[in-house]
Amino acid sequence: MKYEINTPKHSLQVEFQFDSETLIIKTDKETLSFEAIQVQPGVYSVLMNNRSFVVGICPIEANRVNINGTPIKLELLDEVHLHLRQLGWDALKETKAGLISAQIPGLVTKIFHSAGDQVKEGDPLFLIEAMKMENEIKSPVSGVVKRIDIVAGQTVEKGTNIIEIV
Amino acid sequence: MKYEINTPKHSLQVEFQFDSETLIIKTDKETLSFEAIQVQPGVYSVLMNNRSFVVGICPIEANRVNINGTPIKLELLDEVHLHLRQLGWDALKETKAGLISAQIPGLVTKIFHSAGDQVKEGDPLFLIEAMKMENEIKSPVSGVVKRIDIVAGQTVEKGTNIIEIV
Amino acid sequence: MFKKILIANRGEIALRVMRSCREMGIEVVAVFSEADRTAPHVLFADEAYLIGPAPSSESYLNHEKILTVAKASGAEAIHPGYGFLSENTDFARKVTESGMIFIGPPAAAINTMGDKTIARQSMLKTKVPVVPGTEEPIANIAEALAVAVKIGFPVLIKAAGGGGGKGMRIVHAAKEFESAVGKAQRESQSAFGDGRVYIEKYLEEPHHIEFQILADTHGNTIHLNERECSIQRRYQKVIEESPSPFIDEELRLKMGLAAVETAENCNYVGAGTVEFLVDKYKNFYFLEMNTRLQVEHPVTEMVTGIDLVAEQIRIASGQPLSFKQQDIKVTGHAVECRIYAEDAAQDFTPSTGEIVMLQIPDGAGTRFDGAIRQGMEITPYYDPLLGKLICWAKDRESALNRCERALREFYIGGIETTIQFCRSVIKHEVFRKGSYDTHFYAHFKEELHAELSASSEEVLLVAGGVLHHHRDQAKHQSHRSDSSRKGRSNWVTFQQGRNV
Amino acid sequence: MFKKILIANRGEIALRVMRSCREMGIEVVAVFSEADRTAPHVLFADEAYLIGPAPSSESYLNHEKILTVAKASGAEAIHPGYGFLSENTDFARKVTESGMIFIGPPAAAINTMGDKTIARQSMLKTKVPVVPGTEEPIANIAEALAVAVKIGFPVLIKAAGGGGGKGMRIVHAAKEFESAVGKAQRESQSAFGDGRVYIEKYLEEPHHIEFQILADTHGNTIHLNERECSIQRRYQKVIEESPSPFIDEELRLKMGLAAVETAENCNYVGAGTVEFLVDKYKNFYFLEMNTRLQVEHPVTEMVTGIDLVAEQIRIASGQPLSFKQQDIKVTGHAVECRIYAEDAAQDFTPSTGEIVMLQIPDGAGTRFDGAIRQGMEITPYYDPLLGKLICWAKDRESALNRCERALREFYIGGIETTIQFCRSVIKHEVFRKGSYDTHFYAHFKEELHAELSASSEEVLLVAGGVLHHHRDQAKHQSHRSDSSRKGRSNWVTFQQGRNV
């Protein structure tokens, strides 16, 4: 089956094909034998043409992996998605830019706006304290604060929605 | 509830009593507060009167624990068993002395007897090779070989029955 | 010598102090918050006492609770580690008043040096040059701004009551000033229970060089040479080394004397660190003195062979130093990498979660002072420092090669860490040459992060292959477990029922 | 210098060799059996090749497969570690014939010294005294018995083709002789692929002292002082230290010269170890020479600061030694504890299973050369050595204190290990004094095991409490999971179905 591996800097066309336990990876340049085995939940040992890699799957972001300690983010599109893209759909644009969630777990110590406020891209939105460091979260877009889901003093998990800007 | 803790050298009468999360241990000398929390499956962190212990439960023998690295084997009898013992039952004598099983996993390289043979206590029964060392297993009893469950050259797990002597 | 010591700290430093105590035959008492019940410092102590809920203000900063527990345990002395109560005059005094010994300098020395503004004033009595700045904590924002304008931007806002980069902000222009002061004050309050901050001239192209000091109660004060701490991000050290590749023997001699003079000037006792800024012309300025054990102290231990925690304990018990200045010999070279639970790719934001796999490097000249274990949850409550990797070898090049090797074999799965960031610094040509200053990170930021996110075609293929495999496995597993679960709970049970 | 090296071994020594290679900028190729697919040496290599099923005769001892893989990988040299093929003349020769370099002595030297009987013969040319025994491997049991009777019981039966205590048996009387020879032969065959054994006089009250040798291809041969290896059980070393508390400077000098003479006598090249027995009058006898890296080599590395694996590689690549005999300086004291997966309480029988929790000691002067990780399965296929804990400090007492501390913080859950056994040796008064010989274990066996199984009332209460808690938890859990499993599969699903 044909796949496309994308990162912000690269795009690679490959073909994956199972040969009993081994995965055969074909690119336009070479054919590689790929074998992965789980070492711990979410951590694999990979031998690709006998080159050894320890690869962790990020438990939170499905498209993030860590290879021998180096984190990389990628998009793996199969034929169905490749076809959808030809029809105009873009997987990378799926996230709502105006919905700001906590990127780290911690204590929200201050929120600078109320619903209805005008904000500009780069304006500080709120402060979140984690591991004794205060982090200022800036608005990624310009717009109007539609709603605020939490109050200052609240502890949030990573991924909790904080503010929506429309 | 009353319990008895036995090792080959000691016997201790105690009373266990739950006080929400904490276990209260009473002996004839003192009262201790005991709190255990699982760190990994089968490994507990214990604080007993604030003294800290890491305790592992042996995955194979239910009565074997490892306290701060020191293995100890004990018997914990509750009221029911204490009562049974008064009636003549002895928990320590439950194992069949004549049924010899593999104490270690490995390869049985040689069996010295056939069914029907007479053996004396201390006679070599079979050789088992594990981790490159050959171990000679001697008979714990005198008697007649009733049956042999495996053949030389066979790999066995710990606990596999090898020979029964009656 | 003491028989029992309470360690009023957590994480790697609690374990570090524990090790020296044990080697001296001293029992150790740990304290812990509700979030730390199964943390390594609790598991491996002789005794452990719960001192409150997760927030440090209610546990690790709780004077009364810690003192009560110390008395109950029968501890004769308290080691505060670094951070938390280590530079708190009030706490030090209370420990002494409770009839125990505070393993650190006398309260008066903490007061003089721990308070960065008083420290600057006191230094005016000596011949040691001081960085220009305010002499008092900021009381009035307008006055403070006037001082900042007079000194000239950029300026640094720094916590008066603590160190370690917390409560610190650089301000480039007057309009950012007020907001930066507010942030620094809140951070200081939260980290040290003391919100006071002051202003200091921000020197350009400086080296951050510090000298380790030891002073006993018998009037002996010596230094144990320098540590080069110029590799920083967010005003916090990431990599330290000793000897400094920038310092020559003549400068080392002069700065060593200045460091000893600084300590003697405040009647210092115990282990302490005198921090200097050194400009590119090799002029040096007193920056501050940290009146406690420093995070990066192992770098000095590796090159001098001296156990600084053991010395702290001996000094606190009244023993004189067993060596003189001329006995201090430096052998080889040591470098330390701080391993934080942070995502370097996202501006070093903290990363929390379970450590699902852990492989700590080891071998000759490889030391890891940490407090982590596989299966442990990294919580958002405390400092993100997981531990410090310290590598020693006979010369700088070998030490860096060893460090690169150790970082390569270091694997922490389940959370983001600075392991790879440290690796890209250690591999960097300018760092290798030893010709770097405190602007190293700002200057090479792009390059370092590009190195981090650089993916060869091979790596992309591995990443794609693993994702494919993982999704495939997940699909099969969910099929399997669905059917087996259903099967076991009705169909198979039914069949078995018939057979019985 | 080489660009790529294949390591024909597994476990801790594979990882150990890998570390030096990486620090020298050399890529490493691992080989593995089917049982070792996720072993640390595979995970952390640059490349890894499957070489066969679990039994070592079909994988780690498979000459042809290893040579094929080495050629395919482009490795320029092969490091054999210790054990397996490290002392196999045939393999060494084949490596050379395939155009690669064998990191070890020339095949001729392995042949002379690797074969213990030829070694003894060759030593008659030198002035070095040799332990009385047979000069040929045992061919005929009756003749061998006659020799044994002539030398006088007890005698040792030893493998001609290998070391490390495998294929070794002590025989106290003639009637045990034949059976012991049989066992030793089978063990040798299985461990080294060579079943030949020979007889040696069993000296009473001896010390087992060995000297580390380094010889380059330019005619330089030096020694790196001794290791005291008298703490043994089952004729296998458990604890080693350097310097030996038994050896004085005069004896050290004489034995060092004898060790160098031994190496020169067989035209030795590379790292090797000359083993001596020393009786209580300080007479010493040549025992054997191990023509490979020794398990306990880190002890020497810690006190001399020399990386022995790096030196092996440099020598193999043709470089001369960068230091002379007079440059070797010993600093401080080092002690090594071998951590085996064995149940000390049950006569050191191997213990297998999953490592459910792992905490490896660390800190200043604390090194662990191992190859284990939490979640890993210890299989019955290979040597039970999990790794070696090496502690260094400025003097013997401090090193032993450090070692005791490190053993205290070492936790391996799920299998039995020799951690506590080592701890009871290190704590033993006679060991502390340094006045022990090879009979230490036999002599103090009862005491050491009593110490191991000694349970204070406190420990009994903890044990009882945990068992109670564990059973209680298990009861609750099985109730909970029973009902929740059933619930999810029919009742709750049904309810949810109605709500949707």
Side-chain angles (χ1 to χ4, degrees), chain C residues 15-16 18-25 40 43-44 46 298 301-302 305-310 331-332 355-370 372-375 387 390-394 398-406 408-409 411 485-490 493, chain D residues 12 15-16 18-25 40 43-44 46 298 301-302 305-310 331-332 355-370 372-375 387 390-394 398 400-406 408-409 411 485-490 493:
Chain C
L15 223 56
R16 163 70 193 88
M18 222 174 267
R19 286 175 175 146
S20 290
C21 290
R22 285 259 166 80
E23 292 177 14
M24 299 172 84
L43 266 48
F44 295 99
D46 293 302
E301 294 185 324
M302 298 300 271
I306 290 168
D307 179 334
L308 288 169
V309 173
T331 309
I355 296 179
V356 295
M357 183 166 148
L358 178 63
Q359 192 83 22
I360 294 173
D362 215 311
T366 307
R367 165 179 175 183
F368 182 66
D369 275 20
I372 50 177
R373 57 174 180 79
Q374 186 169 314
I390 308 106
C391 290
W392 176 93
K394 62 184 195 303
S398 311
L400 298 185
N401 289 343
R402 179 158 286 170
C403 193
E404 225 185 290
R405 180 274 294 171
R408 166 72 173 83
E409 78 183 56
Y411 192 87
R485 207 187 302 133
K486 269 183 210 152
R488 193 178 301 155
S489 57
N490 42 58
T493 313
Chain D
E12 70 90 13
L15 223 56
R16 163 70 194 88
M18 223 175 265
R19 285 174 175 146
S20 289
C21 291
R22 285 259 167 79
E23 291 177 16
M24 299 172 84
L43 266 48
F44 295 99
D46 293 300
E301 294 185 325
M302 298 298 272
I306 289 169
D307 179 334
L308 288 168
V309 174
T331 310
I355 296 178
V356 296
M357 182 164 147
L358 178 63
Q359 193 83 22
I360 294 173
D362 214 312
T366 307
R367 165 178 174 184
F368 182 66
D369 276 19
I372 50 176
R373 56 175 181 78
Q374 187 168 314
I390 308 105
C391 291
W392 175 94
K394 62 185 194 305
S398 311
L400 297 185
N401 289 344
R402 179 158 287 169
C403 192
E404 226 185 291
R405 180 275 293 171
R408 167 71 174 83
E409 80 184 52
Y411 193 87
R485 206 186 302 132
K486 269 184 210 146
R488 193 177 301 154
S489 58
N490 43 59
T493 313

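In what follows, chains are A, B, ... by sequence order, proteins preceding strands, each numbered from 1. Please read these numbers as outputs of a predicted model, since none were measured by experiment.
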Item to check | Which portion of C:I372 sits near chain D, non-hydrogen atoms under 4.5 angstrom | outcome: backbone
Checklist entry - Got a sec, which residues hit side chain to side chain donor-acceptor pair (under 3.5 Å) with C:R402, two or more places apart in sequence or on another chain? => result D:E23
Checklist entry - Between C:R19 and chain D, which part of the residue has a heavy atom less than 4.5 Å away: side chain, backbone, both or neither? => result both
Checklist entry - What option among C:G363, C:P40, C:G332 has the most heavy-atom pairs under 4.5 Å with chain D? => result C:G363
Item to check | Among D:G375, D:A364, D:P361, D:S398, residue most engaged with chain C (heavy-atom pairs, under 4.5 Å) | outcome: D:A364
Checklist entry - Are any of the side-chain heavy atoms of D:L43 and C:M357 separated by less than 4.5 Å? => result yes
Next on the checklist: Test of understanding: with salt bridge (charged side-chain N to carboxylate O under 4.0 Å, His left out), list the residues that count as partners of C:E404, not counting sequence neighbours.
Outcome noted: C:R432
Next on the checklist: So D:D362 and C:R367, do their side chains get closer than 4.5 Å, heavy atoms only?
Outcome noted: yes
Checklist entry - Roughly how far apart are C:R405 CZ and D:C21 SG, rounded to 0.5 Å? => result 11.0 Å
Checklist outcome for this item: Note: vs chain C, highest number of non-hydrogen pairs under 4.5 angstrom among D:M302, D:K394, D:Q359 is D:Q359
Next on the checklist: Go through it in stages, so that I can follow the logic: the residues are D:D46 and C:R408, the test is salt bridge (Lys or Arg N to Asp or Glu O under 4.0 Å), and I'd like the CA-CA distance, side-chain angles, deciding distance and then a yes or no.
Outcome noted: CA-CA 11 Å; D:D46 293 300; C:R408 166 72 173 83; 3.7 Å; yes
Next on the checklist: Counting heavy-atom pairs under 4.5 Å with chain C, which one of D:Y411, D:W392, D:F368 comes out on top?
Outcome noted: D:F368
Checklist outcome for this item: Applying a strict 4.5 Å limit to non-hydrogen atoms, the region of C:M24 in contact with chain D is neither
Checklist outcome for this item: Between the CD atom in D:E409 and the CZ atom in C:R22, the distance rounded to the nearest 0.5 Å is 7.5 Å
